Amino acid sequence: MAKSTAKEKIFHGIGASPGIAIGKVLLIKEHSTSYAKPPDATITPEQVDAEIGKFEKALEKTRLELEDLQKRIQNKLQAHEASIFDAHLLIVDDQMLLHEVEDSIRNQLSTADCAFFKIMERYVTAISVMADIYIRERVADIKDVASRVLANLRETRRPVLDYLEESRIIIAHDLTPSDTVLLDRQKVQAFAIESGSNTSHTAILARSMQIPAVVNIAGDIVNELENNLDIIVDGFIGTVIANPTEKTRKAYQLKAKEEGRFYIDLIRESRLRPETLDGFTVQLASNIETLEDIQTAKKYGTSGVGLFRTEYMYMGNKELPTEEAQIETFTSLINEMKGEPVIVRTLDIGGDKYCENLSLRKEANPFLGLRAIRLCLHECQDVFRTQLRALLRAGAAGNLKIMLPMISCVEEVIQVKEIIEKLKKELEKEKLPFNRDIEVGIMIETPAAALQAEHFAKIVDFFSIGTNDLIQYTIAIDRDNEKVAYLYEPTNPAILYLIKKVVEAAKKNRIWVSVCGQMAGSPQYIPLLLGLGVHELSMVPMSLGAVRRIIRKLKMHEAEVAAEKALNSSNAREALNVSLELLKKISPEVTDLAFRGL
């Protein structure tokens, strides 16, 4: 196909997985094996049994495909990501679904594909209007399974993306989780799709596979592009540039080259002390989800685990983790960190995180409902007690601390501490070793907790500020809603004021405070956080190097002046500019890489 003579065109979406790719388009349009309504057709009564047999055979073939898929990926990805396909298998094995399709074939003389599609479409429609964002996003999983069954009924092949002859950037309306997980890692440079969000399973898998990705692209990109067209995908800022000019291409080639060199340099600096020019040391730790993440954290020079998300031990698994299984995981973390602190957050389910085993009620607004500590204290206290016992027992092995999420009132902390004391007595009676003096802290994620920090500081051992939710709840926006995303501004002076208030309360009561939200790993906010008095930061491991570089080029006095100026700003942009000006002055290479507008 001749090269397009179209002018450069930019499409905007959501950066779902960071990185830059420059290459040629592989276009995936709607195809015969996609989730699409089949032509209306009927059968004769004599064909009913054969049609039912055809449907059962298609289900069995789909089941075998999914089981094979799990086996192929279980050594490539983390356990909770491979377990995404447990839900797919549940759909295939759903006896109610089987009976509904068989009844439709037998009583309405529908073909198997028509009957199956009609019933699946009813499920898709019902789930699509649910208030729970996480549940709504599972529509993609249902359509993924349905498209497999339909393909097997029609005996057609799905697009093969696990082996490509040449390197390509995939452009599609959608990529299902099973499409994504089988992408040819050697040849797929990136992908950009019209659907999805940064919390969808496709986005989660892209990040784990370290494939640059942009989702939720505005505009009809699939129909506006053609195969083999030159294209650039910027997963950092969520931009796709079709038919780039030579100037744009060279600029992005330079950016990609600098990015590679930059990260190599940062890894070399991983053993350097994160200390300011005037002698203030900042503790840098990692946010992790599984034991496998520890090696990456060590590679980038972590000084402990600032947040271990235990919810991934529960999500996607057929059974809840036992006390012994949790002890084994927590003890392994302690041993791997060799004396460095390991902060474990107790179960944080609800909101956009769903666990089938806990039978959560559907709520009109799950982010303001029964989630995290509220769920543990009111609906899942047995599960919570098991986790706390495991933490107490594992704590005997080393430097482990307990962190409670989504705290909004003092009574919640008191109730948890009472449970812990009862569990200590149980363990004493059972003559099991445990940590009698284990530290218990809370996450500051709600405005209520921030404003009551003075009271909390008297009854807990530490604070960890979860800026993601603190921003969301303070400004009253859904950060995944693109229509109000412009309001999600970490440098809003109200947010900076709350952080300062929390730090002051911690200092007054001689407890330590860290930030473990996304702000902690974002270079543009580091001068302000340090200036506000935060000297402990926890982030995704890949952010450690850039943050360490900034700290080592900064003077604490400069940071304090910048923070005071930002606090007195009238809006978020003004406050951010204060930080960026200082950042450009002390570390232009970090600023240029992260914020260059192209």
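We use all heavy atoms of the structure for the numbers below, so side chains are in, but hydrogens, waters and symmetry mates are not. Here the structure is a predicted model, which means the values were calculated and not measured. Numbers for residues simply follow the sequence, beginning at 1.
Taking all atoms of both residues into account, the shortest heavy-atom contact from His557 to Asp278 is N-OD2, 3.6 Å. Here the closest heavy-atom approach between residue Ala206 and residue Ser17 is recorded as O-OG, 3.3 Å. Considering every non-hydrogen atom in both Ile327 and Ala394, the closest pair reads O-CB, 4.2 Å. The minimum heavy-atom distance between Thr331 and Ala397, with the atom names listed, is CG2-CB, 4.1 Å. The minimum heavy-atom distance linking Pro447 with Tyr473 is given by the pair CD-CB, 3.7 Å. In terms of heavy atoms, Thr491 sits closest to Leu528 at CG2-CD1, 3.9 Å.
In this structure, the side chain of Gln387 engages the main chain of Leu347 through a donor-acceptor pair within 3.5 Å. Between the side chain of Glu581 and the backbone N or O of Val578, no donor-acceptor pair lies under 3.5 Å. Checked by atom type and distance alone, the side chain of Asn468 pairs as donor or acceptor with a backbone atom of Gln518 at under 3.5 Å. Side-chain atoms of Thr446 come within 3.5 Å of backbone atoms of Ile407 as a donor-acceptor pair (strictly under, hydrogens ignored). When atom types are taken as modelled, the side chain of Asn287 and the backbone of Cys516 share a donor-acceptor pair closer than 3.5 angstrom. Put simply, the side chain of Arg548 gets close to the backbone of Leu272: a donor and an acceptor are under 3.5 Å apart. Checked by atom type and distance alone, the side chain of Ser522 never pairs as donor or acceptor with a backbone atom of Tyr525 at under 3.5 Å. Within the 3.5 Å criterion, the main-chain N or O of Glu560 finds no donor-acceptor partner in the side chain of Glu564. Put simply, the side chain of Ser286 never gets that close to the backbone of Val540: no donor and acceptor are under 3.5 Å apart. No donor-acceptor pair closer than 3.5 Å links the side chain of Ser270 to the backbone N or O of Gly301.
Checking each of Ile334, Val342, Asp293 against Val305 for a side chain to side chain contact (heavy atoms under 4.5 Å, CB included) leaves exactly one that passes, namely Val342.
The closest side-chain heavy-atom distance from Phe191 to Ile171 is not below 4.5 Å. Side-chain atoms of Leu375 and Phe384, non-hydrogen and from C-beta on, never get closer than 4.5 Å to each other. Asn571 is not listed as a side-chain neighbour of Pro493, based on a closest heavy-atom distance of 4.5 Å or more. Leu582 places a side-chain heavy atom less than 4.5 Å from the side chain of Leu554. Met313 places a side-chain heavy atom less than 4.5 Å from the side chain of Thr329. In this structure, Ile20 and Lys255 have side chains that are in contact, with non-hydrogen atoms separated by less than 4.5 Å. Counting heavy atoms from C-beta on, the side chains of Leu530 and Met556 come closer than 4.5 Å. Within the 4.5 Å cutoff, no side-chain heavy atoms of Gln283 are placed close to those of Pro274.
One distance of note links OH of Tyr488 with CD1 of Ile477; it measures 7.5 Å at 0.5 Å rounding. Taken from CD in Gln295 to OG1 in Thr302, the straight-line distance is 11.5 Å, to the nearest 0.5 Å. The CD atom of Glu412 sits 4.0 Å away from the OG atom of Ser408 when rounded to the nearest 0.5 Å. The structure places CG of Leu532 at 6.0 Å from CD1 of Ile499, a figure rounded to the nearest 0.5 Å. Here CD1 of Ile232 is found 5.0 Å from CD1 of Ile241. Values are rounded to the nearest 0.5 Å. For the atom pair CD of Glu445 and CG of Leu404, the computed distance is 10.5 Å after rounding to the nearest 0.5 Å.
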After noting the C-alpha distance and the side-chain angles of Thr346 and Ile402, does the key distance pass the side-chain contact (heavy atoms from CB on, under 4.5 Å) rule?
CA-CA 7 Å; Thr346 59; Ile402 298 173; 3.8 Å; yes
For Glu275 and Val282, run side-chain contact (heavy atoms from CB on, under 4.5 Å): C-alpha distance rounded to whole Å, both residues' side-chain angles, the deciding distance at 0.1 Å, then the answer.
CA-CA 6 Å; Glu275 183 178 83; Val282 181; over 6 Å; no
side-chain contact (heavy atoms from CB on, under 4.5 Å) evaluation trace for Phe308 with Ile343:
CA-CA 6 Å; Phe308 180 69; Ile343 301 172; over 6 Å; no
Report the C-alpha distance between Val590 and Phe262 in whole Å, list the side-chain angles of each, state the deciding distance to 0.1 Å, and finish with yes or no for side-chain contact (heavy atoms from CB on, under 4.5 Å).
CA-CA 9 Å; Val590 175; Phe262 181 68; 3.6 Å; yes
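Residues Arg573 and Glu489 are not paired through a salt bridge, judged by the lack of any N-O separation under 4.0 Å between the basic side chain and the carboxylate. Salt bridge present: Glu589 and Lys553 bring a charged side-chain N and a carboxylate O closer than 4.0 Å. With salt bridges taken as basic N to acidic carboxylate O contacts below 4.0 Å, one links Arg549 and Glu269.
At most 12 heavy atoms of other shown residues, nucleotides or ligands fall within 6.0 angstrom of atom NZ in Lys501. Other residues, nucleotides and ligands contribute only 12 or fewer heavy atoms inside 6.0 Å of the CD atom of Glu328.
One side chain, Ser514 or Ser464, offers a donor N or O that lies under 3.5 Å from an acceptor on the other. For Thr239 and Asp234, the side-chain atoms include no donor-acceptor pair closer than 3.5 Å.
Judged as a salt bridge (Lys or Arg N to Asp or Glu O under 4.0 Å), the pairs with a partner in residues 456-466 (not counting sequence neighbours) are, in order, Glu454-Lys458.
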